[in-house]
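Take a look at the structure below.
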Amino acid sequence: MATILGQNQYGKAENRVVKITRDGDTHHIKDLNVSVALSGDLEEVHLNGSNANVLPTDTTKNTVFAFAKEYGIESAEQFGIHLARHFVDDIAPMNRARIRIEEYSWERIANSDANSKFIGADEVRHSFVRKGQETRVAQITYDGEKFEVLSGLKDLTVLNSTNSEFWGFIKDKYTTLQEDYDRILATSLSTWWRHNWTCDDERMPNWEKSYEQTKKHLLQAFAETYSLSLQQTMYQMGSRVINSRSEIDEIRMSAPNKHHFRQDLSFCGLDNDAKDGAVYYAADRPYGLIEATILRDGADQRIPVDMTNL
Ligand SMILES: O=c1[nH]c(=O)c2[nH]c(=O)[nH]c2[nH]1
């Protein structure tokens, strides 16, 4: 039976690269998980086993570490752009590179010991505690002409203890859910957003600032929206980002509804109404899964729909 080779890519996945930059006694840390995927003129290796066009995945790993040492890591996005450009522009058979990065953040440990040998420093200059709020992610794709830079985050868990209702929904013979006029709204957000920067000669966004501001807008919109559904809250969050950040044209969001059910305490005569400060059962599954893309008017929808589940 005749077969043909379809889409293919290869490279070293999950290179855990940690870069320490020393500024006198003060150290800075960048902690990344970098996955390389290359495509190009690679029919021969699949069809005939010729490795003539194959850059070993081992070399792609070495390149990640060498670039971190030689050029540093300013931001996940900048690092990914640099790598993607190298693999496509300098390795002849390659015509597409996708660099996917997770970034783990660290913060300095505050110095509580007045007699410490690091006297004078409010924070210990080389001691860090992992920041647990969310994992930052980035994906850079380059085809020799244009870049596509997606940034994002996963597992940003947020909760509103009021200002959330859910009512007016379809009711059929299978419906048991009661209408709720004061509920907890909680989710663990995963999102990717697409920058409209595509090309080397245009001015690059400040990736670090863009990330911090985008996260801030997401959180503020979550806190400030009086919610009639998680769908409505999510749309408000995405719109806030698009309206506040001119460098972003599209945002894809995935939000599991982390249900908190008011526990029925009538068995012991206790009323468990929300307005009196209720007790809830935090269910972990099943969960409603709400997903949407929010776009700048006129922008193309390019972020794959299942991207947020990676
Ligand atoms: O915000 C919500 N959206 C839904 O679609 C939904 N469905 C459900 O059972 N609870 C909720 N909550």
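Reckoned from all heavy atoms, side chains included, excluding hydrogens, waters and symmetry mates. First listed ligand is number 1; within each ligand, the first listed atom is number 1. We're numbering straight along the sequence, starting at 1.
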Cation-pi, Tyr281 ring and Arg262 (6.0 angstrom, 45 degrees)
no
Would you kindly check if the NZ (Lys) or CZ (Arg) of Arg130 is within the cone defined by 45 degrees around the ring axis of Tyr104 and under 6.0 Å from the six-membered ring centre?
yes
Would Glu224 and Arg240 count as a side-chain contact (heavy atoms from CB on, under 4.5 Å) here? Give the steps.
CA-CA 11 Å; Glu224 289 165 15; Arg240 179 84 66 107; 2.9 Å; yes
Near ligand 1 (heavy atom, under 4.0 angstrom), the protein residues are Phe166, Leu177, Arg183, Ser229, Leu230, Gln231, Asn257
According to side-chain hydrogen bond (donor to acceptor under 3.5 Å, both in side chains), who are the partners of Lys131, at least two apart in sequence or on a separate chain?
none
Check whether NZ of the Lys or CZ of the Arg Lys215 lies under 6.0 Å from the centre of the six-membered ring of Tyr211 and within 45 degrees of that ring's axis.
no
Flag the pair His82 / Phe67 as yes when their ring centroid distance falls below 6.0 Å, and as no otherwise.
yes
